[in-house]
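Here the structure comes first, spelled out in structure tokens, and everything after it is commentary.
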Amino acid sequence: MGKNIIEKIWDKHVVYQEEGKPDLLYIDLHLIHEVTSPQAFEGLRINGRKVRRPDLSFATMDHNVPTKNLPTIHDPIARNQIETLAKNAEEFGVELAGMGHPDQGIVHVIGPELGLTQPGKTIVCGDSHTSTHGAFGAIAFGIGTSEVEHVLSTQTLWQNKPRTMEIRVEGELPVGVAAKDIILAIIAKFGIGVGTGYIVEFTGEAIHKLSMEERMTICNMSIEAGAKAGLISPDQTTVDYIRGRKYAPQGDQLEEAVAYWLSLASDEDATYDTVRIIKAEEIEPIITWGTNPSMGTGVSGYVPTQADYEDESDKAALQKALSYMGLEEGQPLTSIDIQHVFIGSCTNSRISDLRAAASVIKGRKVNDNVTAIVVPGSHTTKKQAEAEGLDKIFIAAGFEWRESGCSMCLAMNDDVVPAGERCASTSNRNFEGRQGAGSRTHLVSPPMAAAAAIAGHFVDVREFVKETV
Amino acid sequence: MEPINIVNSVITPLNRKNVDTDQIISKEFLKRIERTGFGQFLFYHWRFDAQGNEIKDFVLNKPEFKKSKILVAQDNFGCGSSREHAPWAILDYGFNVVIAPSFADIFHNNCFKNGILPIKLTEAECDDILAKGLAKPYKMAVNLAEQTVTGEDGIVYQFTIDPYYKETLLNGWDEIALTFKYEDHIAAYEAKRVAY
């Protein structure tokens, strides 16, 4: 019987196996950032331990970094965290793309960009959106700081083998519907706990037609469906993306690697513990109206009402969410006015995201009631966008053009949405207070965020582009 | 970490599902470089208003729950961000046990690294316990070795737990020191590992 890619990669990484214990799993790539690593390095120091494989570790700074007026960080505690990572990287011999370094950026943007992310690898980082790297056919998952310390010391983790799930996106994606809409639709349809205890493989025609950057958007939000990891079997699109990147294999080694990578794709007769199916034709641009990523509806829809739910706890959750979000039951989604637009985050800050947003706003102006910022995912992405003139399009429309970082996705730096105000955001979480205490987040794709910036409220970007040409 | 086996306490009924780690510990408190001192910030924006005053009707602020060691919630507790600051805050505040019908994977893993016992009971059992705890202060006794939670009314709930994690918690083991015993296996794996 055939194997799926999850089983193939897992089995190749088991260092030690014993009945009654989790598997001891080898880790091929450990990505590190400033927020979840200081206590781990401190643990090494206290116990007199070393980093076992600095060559398989790579660090950057993204969560805390300012996106304007670099390099000043006013917050002394944030500055200390940044300086601590620089010191730790130096002391333990870990390569660092720190603030101002040409390779700096959001950890889940630079891993792929630098060619560190490759099919078949086990990849971890002290960040839940590590699932992003699964787009390449890697098993990539977020870990806590104790596990960061464990990987630093031993290059392994004790892990129970998760169950496997296939989420198949059948058919053809309608024009004007983005990868972000696919994953938001999956989470809305199956719920934020559907993937708990599973690694998910995304399959189907609609998935394999996606570019690598679109695949990263899908896998990035696997964690919002509760999945341990999400991945996509590698194919020619994957190989073409990796070829020629800084840390990718070169020459003969590349050809050998490619053969290996492609052999990892799930076999035709592979099976999974669970299969879920969604039809691409049914997906339209999605807007979230609530306080978790499953609370989303197609742009032509309305904020749900109590009558839409049977379960009492769901009714209570709806009421709580709408009270926090300041929305009425049954309100059309396009009637929601917004005050902020954020284009960025590890979900949607890559060059194709910026191009898609720029194509909507080109020649238009940001609404007077809206403050809009673009935060490219990495320094490299920013430079490329500038070479293409995208920065000029954004600035002419009234967007602010910033330096790279996590920024307003979680508002650890100065990029904060004020209490009670609404943000159309291309990020991944709309939890209470995520973008600032009392802030109200609506998750959307880059073109939908761009259109909302112009209109001052949500619109169907497909209609908007036609009508206002 | 501290070993854990027996915990006796009034339960704190947090009657919500999908409690995410952003609520458990908000991002403005993630900038410290220590593992300690996060308890004061646990559920900060649910406990305090914008002026920093206690929100009286939030469950953690009620005097009867101030010394509670057992937190009970609904489905999918600890979803979202991987921040281990969430279990650090829970432990530092004084909770050693969290009971829910299900936990998000990363949070669940993080508990075992910090001496917190996450107990999965069925949704019906959790609803039952929450209802009792909301009606009046309700004491429970947790016994990890026996894998039981016993209510003050004598009702016994049996739970399952991965045997490896049970041993880890009962003994308060340092997992890294344990893994070093497998050094030969790791070195052997590295010797045959193909790296591109």
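Just so it is clear: chains get the letters A, B, ... in the order the sequence lines come, proteins before strands, and each one is counted from 1.
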Using a cut-off of under 4.5 Å for heavy-atom pairs, which of A:Gln253, A:Gln118, A:Glu34, A:Arg429 has the most such pairs with chain B? A:Arg429

Part of residues 81-89 of chain B lying next to chain A, heavy-atom separation under 4.5 Å: B:Ser81, B:Ser82, B:Arg83, B:Glu84, B:His85, B:Trp88

Please flag which part of A:Tyr16 lies under 4.5 Å from any non-hydrogen atom of chain B: side chain, backbone, both or neither. side chain

B:Gln23 and A:Glu432, any side-chain heavy atoms less than 4.5 Å apart: yes

Indicate yes or no: at least one non-hydrogen side-chain atom of A:Ser146 is less than 4.5 angstrom from one of B:Arg35. yes

Does B:Asp49 have more than 12 heavy atoms from other residues, nucleotides or ligands lying within 6.0 Å of its CG? yes

Could you tell me whether the side chain of B:Asp22 and the main chain of A:Phe431 form a donor-acceptor pair under 3.5 Å? no

Heavy-atom pairs under 4.5 Å with chain A are the metric here; pick the option from B:Ser26, B:Gly80, B:Cys79 that has the most. B:Gly80

Give, as side chain, backbone, both or neither, the part of A:Phe41 having an atom under 4.5 angstrom from any heavy atom of chain B. neither

A:Glu18, part contacting chain B, at a heavy-atom distance under 4.5 Å: side chain

State, with a plain yes or no, whether a side-chain heavy atom of B:Ile186 is found less than 4.5 Å away from one of A:Leu24. yes

Select one option (side chain, backbone, both, neither) describing which atoms of A:Thr84 are under 4.5 Å from chain B's heavy atoms. side chain

Rounded to the nearest 0.5 Å, what separation is found between the CD atom of A:Gln39 and the CZ atom of B:Arg32? 9.0 Å

Quick one: which residues of residues 148-185 of chain B reach chain A at under 4.5 angstrom, heavy atoms only? B:Asp162, B:Pro163, B:Tyr164, B:Tyr165, B:Asp174, B:Glu175, B:Ile176, B:Ala177, B:Thr179, B:Phe180, B:Tyr182, B:Glu183, B:His185

Picking from A:Asp314, A:Val14, A:Ile82, which has the most non-hydrogen pairs under 4.5 angstrom with chain B? A:Asp314

Option that, when pairs with chain B are counted at under 4.5 Å, heavy atom only, ranks first among A:Glu147, A:Gln159, A:Glu42: A:Glu147

Taking C-beta and beyond as the side chain, do B:Lys31 and A:Asn80 meet within less than 4.5 Å on heavy atoms? no

Taking every non-hydrogen pair under 4.5 Å, which of A:Ser37, A:Gly226, A:Ser128, A:Pro38 racks up the most with chain B? A:Ser128

Could you check if a side-chain atom of A:Asn292 sits within less than 4.5 angstrom of a side-chain atom of B:Asp20, using non-hydrogen atoms only? no

Measure distances from A:Ala419 to the heavy atoms of chain B and classify the residue's part below 4.5 Å as side chain, backbone, both or neither. neither

Could you give the distance from CG (B:Asn15) to OG (A:Ser313), rounded to the nearest 0.5 Å? 9.0 Å

Identify the heavy atoms of B:Tyr189 and A:Val15 that sit nearest to each other, and give their distance. CG-CG2, 3.8 Å

So, the part of A:His63 with a heavy atom under 4.5 Å from chain B: the answer is neither

Is it the case that atom NZ in A:Lys315 sees more than 12 heavy atoms from other parts of the structure closer than 6.0 Å? yes

What's the spacing between A:Leu410 CG and B:Leu30 CG if we round to 0.5 Å? 7.5 Å

Assess whether atom NZ of A:Lys50 is packed by more than 12 heavy atoms of other residues, nucleotides or ligands within 6.0 Å. no

Taking side chain as C-beta onward, heavy atoms only, is A:Lys228 less than 4.5 Å from B:Asn109? yes

Is A:Gln250 close to chain B through its backbone or its side chain, or both, or neither, when contacts mean heavy atoms under 4.5 Å? neither

Picking from B:Lys113, B:Arg193, B:His108, which has the most non-hydrogen pairs under 4.5 angstrom with chain A? B:Arg193

Select one option (side chain, backbone, both, neither) describing which atoms of B:Asn114 are under 4.5 Å from chain A's heavy atoms. side chain

Rounded at 0.5 Å granularity, tell me how far CD1 in B:Ile106 sits from OG1 in A:Thr130. 7.5 Å

With a 4.5 angstrom heavy-atom cut-off, which part of A:Asp28 approaches chain B: side chain, backbone, both or neither? both

In terms of heavy-atom pairs under 4.5 Å, which option from A:Leu254, A:Thr36, A:Asp127, A:Val148 contacts chain B the most? A:Asp127

Among A:Thr156, A:Leu56, A:Asn160, A:Ile192, who wins on heavy-atom pairs under 4.5 Å with chain B? A:Ile192

Sub-4.5 Å side-chain heavy-atom contact between A:Thr145 and B:Asn110: no

4.5 Å side-chain heavy-atom contact, A:Lys320 and B:Arg16: yes

